[in-house]
Amino acid sequence: MNPVLSKRARIQSPAQKLRIDLCELLESHGVAWPRDLERDLPHSWQKHGDLIVFNENCFNDPLWKQQGPELWINVASSLGVRRLAKEGCIQDDGVRSPTVTLLLGDSGWVEHIDNGIRYTFDVTKCMFSAGNISEKQRVASFCCSGEIVVDLYAGIGYFTVPYLVHAGASFVHACEWNPHAVKALKQNLELNRVSEKCLIHEGDNRQLKLQDVADRVNLGLIPTSEPAYEVACRVLKKDTGGILHIHHNVNSFIRHAGLNMNGTKEDVIKWKNMAWKEWAEGTESQVRAILMKASGSPWHTQILHLEKVKSYAPYIDHVVLDLDCRPLHET
C-alpha cells in the first residue's frame with residue numbers, strides 16, 4: 001500500500017521543488033493552488049553565480065503580486081540563490097539593450113565563465129546569449145597567430161576575448177557603441193589579461209576611421225550586420241585581403257510560404273538549407289561588389305563555410321558565413 005520510492009523517483013528537479021515550495025507559500029496565506037497557475041511557473045532559466053534570470057513568460061499572474069516581496073525571497077531560497085531578475089523584450093534601440101528587471105537584490109553585475117574565459121557584466125544593461133557558445137568555441141579553435149582582427153560589434157567581448165585568449169590573434173580592434181557594454185568589455189579584457197592587445201573604438205562603427213589593417217573581420221550582429229559591410233571591406237588589408245565572419249538571421253519561411261507547410265522533416269531541412277545558401281550567395285555577391293567599387297580593381301571571393309549558431313525562432317536561424325576575400329593582382 002505504501003511502496004518505497006526509488007532514489008531516482010525521490011529526486012526533485014529545481015522546477016519541481018519550486019512548485020512545491022510556492023504551493024506551500026500560498027497555502028500558508030490561505031490561498032488554494034489554482035489549476036492554471038502551473039503554466040505560469042518557470043521550467044528553465046539563466047543562472048549567473050548567485051543570480052537567476054527568468055524569461056518573460058512566467059510569474060505574470062496577478063496572484064503573484066499579491067504575495068509581495070515574500071514571494072521572491074521564497075523563490076530565491078528554493079533555487080539556492082540570493083538575487084533574481086526577469087527579462088523582457090530586447091529593445092530596438094540600436095544596441096539591443098535588454099529589458100531586465102531586478103526582482104531581488106541591489107546589483108545586476110555578475111561573473112560568468114565560458115570556455116575558460118571570465119566575463120563580467122550587468123544583466124540589466126548588457127546582452128549575454130548562452131546560445132552562442134558553439135560559435136565562441138569555433139572562434140576559439142581558429143588559428144589567428146600573427147593576425148589583426150577587427151570586431152565590429154564587440155559587446156562585452158563575446159568574440160573579442162576568445163580571439164585573443166584562445167585563437168592567438170596578435171591584436172584586436174573592438175568596436176562598440178553601448179557605453180555599458182564598453183565598461184564591461186574593458187573589465188573583461190583586464191580579467192583575462194589581454195587588455196594590452198586590444199584597442200576599443202567607442203561609438204558608431206560606421207564612423208570608424210580605420211582602413212587597410214585587418215586580416216579578419218567579425219560582424220556579429222543579428223538580425224543583420226549588413227549596415228557594416230562597407231566598413232568591413234574598408235578595414236580589410238588592401239594587398240592581401242582576409243576573411244569576413246558575417247552573422248545573420250535567415251528566414252526560411254518567407255521563401256517557402258507558398259509551398260505545402262505540412263512537409264516532412266526532411267523537406268523543412270531542405271528548405272532551410274536552400275534559404276541559407278541563397279542568402280550566403282547573395283551576400284558574397286554584395287560584398288564582392290563593394291570591394292571592387294572601393295578599390296577599382298577585381299576581387300576573388302569564396303564561401304569557406306556556413307555555420308548554424310542556433311535556432312532563433314520558428315523558421316528563423318542564426319547563421320554565420322565565413323567569406324574569404326582576396327584582391328586579384330595583375331601579372
Side-chain angles (χ1 to χ4, degrees), residues 44-56 72 76 79-88 90-91 93-142 144 149-169 171-203 205 218 220-222 247 309-310:
S44 61
W45 44 78
Q46 299 176 45
K47 186 176 181 182
H48 304 287
D50 70 341
L51 187 149
I52 278 178
V53 182
F54 297 116
N55 64 38
E56 59 184 319
W72 306 123
L79 298 178
V81 294
R82 296 183 178 182
R83 296 178 293 165
L84 299 172
K86 184 181 176 184
E87 63 183 13
I90 302 300
Q91 298 180 46
D93 57 359
V95 296
R96 302 190 77 237
S97 299
T99 305
V100 176
T101 303
L102 276 176
L103 305 172
L104 183 66
D106 300 321
S107 171
W109 278 90
V110 299
E111 183 169 311
H112 187 94
I113 299 178
D114 212 7
N115 197 24
I117 292 175
R118 295 170 64 190
Y119 296 95
T120 184
F121 60 100
D122 185 343
V123 297
T124 68
K125 305 293 184 182
C126 303
M127 282 286 299
F128 186 91
S129 176
N132 290 347
I133 180 62
S134 63
E135 181 61 15
K136 283 181 276 191
Q137 290 173 338
R138 194 173 77 96
V139 166
S141 71
F142 292 163
C144 300
V149 178
V150 174
D151 189 353
L152 289 175
Y153 300 98
I156 67 170
Y158 316 100
F159 300 114
T160 296
V161 182
Y163 270 117
L164 291 168
V165 172
H166 293 313
F171 197 85
V172 175
H173 292 276
C175 307
E176 179 55 46
W177 69 355
N178 180 345
H180 303 291
V182 169
K183 182 179 179 180
L185 173 59
K186 290 177 179 177
Q187 294 189 41
N188 293 330
L189 291 168
E190 292 176 0
L191 276 175
N192 294 280
R193 301 179 181 179
V194 288
S195 55
E196 74 283 356
K197 294 183 178 181
C198 182
L199 177 62
I200 299 174
H201 301 266
E202 187 171 359
N205 62 24
N218 200 75
L221 181 68
I222 55 172
H247 292 237
V309 179
K310 62 180 181 290

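None of the values given here were measured: they were computed from a predicted structure.
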Looking at L185 and A154, what are the two nearest heavy atoms and their distance?
-> CD2-CB, 4.1 Å
Please step through side chain to side chain contact (heavy atoms under 4.5 Å, CB included) for the pair V123 and R83, ending with a clear verdict.
-> CA-CA 12 Å; V123 297; R83 296 178 293 165; over 6 Å; no
Any donor-acceptor pair under 3.5 Å linking the side chain of N192 with the backbone of I117?
-> no
Test item: E176 side-chain N/O and G155 main-chain N/O as donor-acceptor pair under 3.5 Å | yes
Rounded to the nearest 0.5 angstrom, the OG1-CZ distance for T120 and F128 is 11.0 Å
Where is the tightest heavy-atom contact between L79 and F54, given as atom of each residue plus distance?
-> CD1-CZ, 3.8 Å
Residues, nucleotides or ligands: over 12 heavy atoms within 6.0 Å of K197 NZ = no
Rounded to the nearest 0.5 Å, how far does CZ of F171 lie from CG of L199?
-> 5.0 Å
Where do I113 and R118 land on the side chain to side chain contact (heavy atoms under 4.5 Å, CB included) test, with the steps shown first?
-> CA-CA 5 Å; I113 299 178; R118 295 170 64 190; 4.2 Å; yes
What is the ring orientation for Y163 with F142, classed by angle as parallel under 30°, tilted 30 to 60°, or perpendicular over 60°?
-> tilted
Which residues satisfy the side-chain hydrogen bond (donor to acceptor under 3.5 Å, both in side chains) test with K86, sequence neighbours excluded?
-> N60
Smallest heavy-atom separation, S107 atom then L51 atom, equals O-CD1, 4.0 Å
Side chains of N132 and Y158 in contact at under 4.5 Å (non-hydrogen atoms) = no
Begin with the C-alpha distance, continue with both residues' side-chain angles, and end with the deciding distance and a verdict on side chain to side chain contact (heavy atoms under 4.5 Å, CB included) for Y153 and H247.
-> CA-CA 11 Å; Y153 300 98; H247 292 237; over 6 Å; no
Separation of L103 CG from W72 CH2 (nearest 0.5 Å) | 4.5 Å
By side-chain hydrogen bond (donor to acceptor under 3.5 Å, both in side chains) - contacts of D114 (at least two apart) = K136
Could you pull out the closest heavy-atom pair between V139 and P162, with the gap in Å?
-> CG1-CB, 4.2 Å
Could you go step by step and tell me if E87 and Q46 meet the side chain to side chain contact (heavy atoms under 4.5 Å, CB included) rule?
-> CA-CA 10 Å; E87 63 183 13; Q46 299 176 45; 3.6 Å; yes
Calculate, to the nearest 0.5 Å, the distance between atoms NZ and CD1 belonging to K310 and I133 respectively.
-> 12.0 Å
Rounded distance (nearest 0.5 Å) linking atom CH2 of W109 with atom OG1 of T124 = 9.0 Å
Mind listing the closest non-hydrogen atom pair of A140 and N115 along with its distance?
-> CB-ND2, 3.7 Å
At their closest point, which heavy atom of I200 faces which heavy atom of K186, and how far apart are they?
-> CD1-CG, 3.5 Å
Are H112 and F121 an aromatic pair by the rule of ring centers under 6.0 Å?
-> no
Check: L152 main-chain N/O paired with N205 side-chain donor or acceptor under 3.5 Å = yes
pair T160-L189: side-chain heavy atoms closer than 4.5 Å | yes
